[in-house]
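Encoded as structure tokens, the structure appears first; notes follow it.
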Amino acid sequence: MNNIKVIVAGPRGRMGSEALRMIEKEDTFDLVACVDHKYNGLRVSEVEGLPAFEAFIFEDIEECLQTTDADVLVDLTTPEVGYKHTKLALQHGVRPVVGTTGFTTEQLDELKQLAEEKGVGAVIAPNFAVGAVLMMQFSKWAAKYFPDVEIIERHHDQKLDAPSGTAVKTAELIQEVRESKKQGHPDEKETIEGARGADHDGMKIHSVRLPGLVAHQEVVFGSSGQNLTIKHDSFHRESFMSGVKLSINQVMKLNLLVYGLENILE
């Protein structure tokens, strides 16, 4: 079986550089190009701090896709850039594996339709940490018995979207098994706007952004005389790489877009 040829978008970011190190260790993956807004035409090995790959860096994603023989695009950039990259990859028959969160429902629907039309697999994962995916699934199960729930997510202060994609995905999974309800006192009033957090179908989501954090989430359930807390912590971005690796392998077997790592876990 031939090696999987991979493009990485966002190679100098914290996640992107970690993905390069993961690819460097994998005998079945070949890095064939990177996409970055700097260092056009240089080899990856020529950029300080990056592994010694001979693959070239492109500033123009379309030029990269047109001139590079690739199987998979791993995108670890921003929501705006990630959406553009995902759409272009699908149009060029390259399978996107996307760890960028913040896509709108309309954007996801458009990308799903495009993937089906092209018959090209894609994976968009709000969180690549397997433990975080299990936390989301356990929360969905618990919500059948504990419908009063709040989500507290904590991330580093450079994260652009709030709430996190993981928090939104968790709330959506809970929503599938929980009847809509407004939580708290019916006459509750915020004396400072936003004090109770964002509202998703009656559930409250709270976002914390501080230096020193990576990715952390608590799902807190309340009932008469008891609480249940389901918690996951990523202390290092290496925790996401097992999910990236799995997604690269699994996307080769898909002909549609899958949203959420849980859908490709065996």
Side-chain angles (χ1 to χ4, degrees), residues 6 8-26 29 49-51 74-79 81-82 96-103 123-142 149-174 197-198 200 203 205-221 228-251 258-266:
V6 183
V8 172
R12 292 182 298 112
R14 293 168 179 170
M15 282 283 285
S17 59
E18 199 64 46
L20 291 184
R21 285 186 280 273
M22 180 273 292
I23 292 169
E24 188 177 32
K25 298 174 185 175
E26 289 300 317
F29 296 166
L50 296 186
V74 175
D75 188 274
L76 303 164
T77 58
T78 65
V81 175
V97 168
V98 185
T100 307
T101 62
F103 290 164
V123 175
I124 298 178
N127 198 315
F128 278 119
V130 174
V133 174
L134 294 174
M135 174 263 297
M136 289 187 269
Q137 293 299 311
F138 296 158
S139 297
K140 179 180 179 179
W141 185 34
V149 55
E150 302 208 3
I151 298 169
I152 306 164
E153 57 95 351
R154 310 190 312 278
H155 282 79
H156 57 90
D157 61 344
Q158 298 303 300
K159 186 170 177 59
L160 297 177
D161 55 320
S164 69
T166 300
V168 173
K169 179 68 173 178
T170 304
E172 290 172 349
L173 289 171
I174 290 173
H200 183 99
M203 292 174 271
I205 304 177
H206 310 269
S207 296
V208 178
R209 299 289 179 266
L210 287 171
L213 297 173
V214 177
H216 316 263
Q217 181 167 295
E218 295 179 44
V219 187
V220 184
F221 298 89
L228 171 65
T229 300
I230 301 174
K231 181 181 179 183
H232 178 263
D233 296 284
S234 282
F235 300 108
H236 191 280
R237 285 167 182 82
E238 187 179 1
S239 66
F240 304 119
M241 291 306 111
S242 59
V244 175
K245 177 183 173 182
L246 173 67
S247 297
I248 292 171
N249 283 311
Q250 291 299 112
V251 78
V258 170
Y259 180 64
L261 191 66
E262 71 277 5
N263 295 303
I264 59 172
L265 288 175
E266 295 180 358

Where Leu76 and Ala19 come nearest, the two heavy atoms and their spacing: CD1-CB, 3.8 Å
Pairing of Glu24 and Arg21 as salt bridge, 4.0 angstrom limit: no
Side-chain heavy atoms of Thr170 within contact of Val219, under 4.5 Å: yes
Beyond-backbone contact of Leu246 with Phe128, side-chain heavy atoms, under 4.5 angstrom: no
Flag side-chain contact, heavy atom, 4.5 Å: Gln158 against Arg209: no
Residue pair Val123, Val98: steps toward the side chain to side chain contact (heavy atoms under 4.5 Å, CB included) verdict: CA-CA 6 Å; Val123 175; Val98 185; over 6 Å; no
Verdict with reasoning, Ile230 to Glu218, per side chain to side chain contact (heavy atoms under 4.5 Å, CB included): CA-CA 6 Å; Ile230 301 174; Glu218 295 179 44; over 6 Å; no
For Ala215, side-chain contact (heavy atoms from CB on, under 4.5 Å) partners two or more places apart: His155, Ser234, Phe240
Nearest-0.5 Å distance that lies between atom CD1 in Ile205 and atom CD1 in Ile151: 4.5 Å
Lys245 atom NZ, neighbour heavy-atom count above 12 within 6.0 Å: no
Minimum heavy-atom distance Glu262-Val133, with the two atoms named: CB-CG1, 3.4 Å
Gap between atom CZ of Phe103 and atom CG of Asp161 - 0.5 Å precision: 10.5 Å
Exercise: identify the closest heavy-atom pair between His232 and Gly131: CD2-C, 3.3 Å
Sub-4.5 Å side-chain heavy-atom contact between Lys169 and Glu172: yes
Minimal non-hydrogen separation, Ala9 against Asp75, with atom names: CB-OD2, 3.4 Å
Non-hydrogen side-chain atoms of Gln137 and Leu173 separated by less than 4.5 Å: yes
Heavy-atom pair of closest approach, residues Ser207 and Pro163: OG-CA, 3.3 Å
Separation of Glu26 CD from Ile248 CD1 (nearest 0.5 Å): 8.5 Å
Glu238, CD: over 12 other non-hydrogen atoms inside 6.0 angstrom: no
Least distance between heavy atoms, Ser247 atom then Val97 atom: CB-CG1, 3.6 Å
Gln217 (side chain) donor-acceptor with Ala167 (main chain) under 3.5 angstrom: yes
Side chain to side chain contact (heavy atoms under 4.5 Å, CB included) between Val244 and Met22, intermediate numbers included: CA-CA 9 Å; Val244 175; Met22 180 273 292; 3.7 Å; yes
Close side-chain approach of Ile174 and Val149, heavy atoms under 4.5 Å: yes
Note, Arg14 side chain near His156 side chain (heavy atom, < 4.5 Å): yes
Basic-acidic side-chain contact under 4.0 Å: Lys159, Asp157: no
Spatial distance of atom NZ (Lys231) from atom CD1 (Ile152) [nearest 0.5 Å]: 10.0 Å
Glu153 side chain to Thr166 side chain, donor-acceptor N/O pair below 3.5 angstrom: no
Side-chain H-bond candidate by donor/acceptor type, Glu150 with His206, under 3.5 Å: yes
Donor-acceptor under 3.5 Å (Asp233 side chain, Phe235 main chain): no
Gap between atom OG of Ser139 and atom CG of Leu228 - 0.5 Å precision: 8.0 Å
Worked check of side chain to side chain contact (heavy atoms under 4.5 Å, CB included) between Thr229 and Phe221: CA-CA 6 Å; Thr229 300; Phe221 298 89; over 6 Å; no
Member of Val258, Ile264, Asn263 meeting the side chain to side chain contact (heavy atoms under 4.5 Å, CB included) criterion with Gln250: Ile264
